[in-house]
Amino acid sequence: MKVALVQSALVWGDVEKNLEHFDRELSRIEGCGVIVLPEMFTSGSRMVKVSKEVAEAEKCRVAAQYTAVREKMTEWAVRQGALVVGSTVYEEAGRYYNRLLAVSPDGGCQCYDKRHCFRMGGENEHFTAGTRQLVFDYEGVRMAVFICYDLRFPVWCRNTERYDLAVYVANWPEARREVWKVLLRARAIENQAFVVGVNCVGEDVNGICYAGDSLVADARGNVVAKAQAFQEETLVVELDVAELHRFRDQFDVLEDRDDFIINLNYKR
């Protein structure tokens with residue numbers, strides 16, 4: 001399977017300009033089965049703050065945005081003949097979610113809501129945490145998808161369903177870039193899976209810098225491909241899933257993993 005990692009700058013807060021930008025970027029990609037975009041590729045990780053006075057208008061705006069994004073991602077998936085993955089804002093019953101969409105060429109769409117909202121940045125005050133993982137099969141490859149801060153939580157990412165590929169989309173600041181790179185490799189090693197991490201570049205409205213450092217790691221923790229730091233780049237990588245399965249057959253660490261049940265209602 002060929003995977004395209006679209007490492008790009010974002011126009012923070014401007015959905016229309018971002019959709020136009022990624023439309024051009026995706027039109028240049030050929031022969032890839034999966035295309036991965038950064039977290040909140042439509043607007044950047046801007047917090048949704050609503051007052052009672054503007055709540056209904058805000059809900060309508062976000063609903064319209066979500067519809068436009070889903071329609072555009074479906075258009076891209078059909079045009080490119082690829083699964084297109086990226087996250088945006090979603091509202092339901094007055095709650096907001098950082099929702100990842102995985103849209104296939106047949107128009108099908110699967111969703112994952114970010115489980116770990118970044119508390120130090122106040123994300124948990126604006127977004128509701130998701131309650132379920134998403135693992136699915138696509139063209140013979142079993143995939144799991146996660147968003148940014150999820151990367152720091154190995155229990156949530158644990159490979160209990162024999163996925164072959166874990167995808168992480170992110171807005172991960174340059175100040176913690178080494179953590180990003182180390183944790184991507186760690187998740188690949190402990191879960192005996194390919195890991196794809198796609199981050200943005202550039203600077204946000206608060207002056208925070210993003211280095212990108214998008215990469216692909218294999219089950220041994222080797223970085224098999226990486227994008228240039230601080231630059232826009234579309235990185236195309238071919239994953240040898242058959243070799244991954246051979247490696248697991250010879251050295252199947254997952255068979256000795258500990259069983260556990262995640263308590264989604266636990267509070268500190």
Problem set entry | Sole candidate of V135, L134, L101, V196 that passes side-chain contact (heavy atoms from CB on, under 4.5 Å) when paired with V145 |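 The residue from V135, L134, L101, V196 that satisfies side-chain contact (heavy atoms from CB on, under 4.5 Å) with V145 turns out to be L134.
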
For this session: Please determine which of N18, V11, L19 meets the side-chain contact (heavy atoms from CB on, under 4.5 Å) test together with V15.
Result: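 Output: one option passes, namely L19.
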
Taking atom types as modelled, is there a side-chain donor on [X] or [Y] under 3.5 Å from an acceptor on the other?
X    : Y    : value
N124 : H116 : no
S87  : E39  : no
N199 : W180 : no
T88  : Q65  : yes

Exercise. Any donor and acceptor pair, going by atom type alone, linking the side chain of E232 with main-chain N or O of A9 inside 3.5 Å?
Worked result: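 It does hold such a pair.
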
Between [Y] and [X], is there a side-chain heavy-atom distance shorter than 4.5 Å?
X    : Y    : value
V201 : L10  : no
K2   : V237 : no
L184 : L215 : yes
V141 : F136 : no

Exercise. Does the ring center of Y210 lie less than 6.0 Å from the ring center of W12?
Worked result: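 Close enough - the centres of the two rings lie under 6.0 Å apart.
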
Problem set entry | Aromatic ring proximity, centroids under 6.0 angstrom, F22 and F41 |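 They qualify: ring centres under 6.0 Å apart.
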
Exercise. For R79 and S27, what are the C-alpha separation, side-chain angles and deciding distance, and is it a side chain to side chain contact (heavy atoms under 4.5 Å, CB included)?
Worked result: CA-CA 8 Å; R79 184 184 73 191; S27 69; 3.8 Å; yes

Please determine whether a side-chain nitrogen of the Lys or Arg among [X] and [Y] lies less than 4.0 Å from a carboxylate oxygen of the Asp or Glu.
X    : Y    : value
E75  : K72  : yes
E125 : R119 : no
K17  : E20  : no
R95  : D113 : no

Euclidean distance, [Y] [atom2] relative to [X] [atom1], rounded to 0.5 Å:
X    : Y    : atom1 : atom2 : answer
L183 : D150 : CG    : CG    : 12.0 Å
E123 : F118 : CD    : CZ    : 8.5 Å
L254 : E161 : CG    : CD    : 12.5 Å
L165 : N191 : CG    : CG    : 11.5 Å
F127 : N98  : CZ    : CG    : 6.0 Å

Restricting to non-hydrogen atoms, name the atom on [X] and the atom on [Y] that form the minimum distance, rounded to 0.1 Å.
X    : Y    : result
L151 : R187 : O-NH1, 2.6 Å
V198 : S214 : CA-OG, 3.5 Å
A144 : Y163 : CB-CD2, 3.5 Å

Exercise. How far apart are the C-alpha atoms of Y168 and W156, what are their side-chain angles, what is the distance that settles it, and do they pass the ring-ring contact (aromatic ring centres under 6.0 Å, His included) test?
Worked result: CA-CA 13 Å; Y168 292 85; W156 182 248; over 10 Å; no

For this session: Kindly confirm or rule out a cation-pi arrangement of R158 over F260, judged by NZ or CZ under 6.0 Å from the six-membered ring centre and within 45° of its axis?
Result: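 No, R158 does not lie over the aromatic ring of F260.
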
For this session: Could you please spell out the steps behind the side chain to side chain contact (heavy atoms under 4.5 Å, CB included) verdict for Y96 and V62?
Result: CA-CA 9 Å; Y96 293 84; V62 171; 3.7 Å; yes

Exercise. Which pairs count as salt bridge (Lys or Arg N to Asp or Glu O under 4.0 Å) when at least one residue sits in residues 166-176, sequence neighbours excluded?
Worked result: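 Sorted result for residues 166-176: empty, none.
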
For this session: With side chain to side chain contact (heavy atoms under 4.5 Å, CB included) as the test, would you mind laying out the steps for L100 and V169 before giving the verdict?
Result: CA-CA 9 Å; L100 179 147; V169 301; 3.9 Å; yes

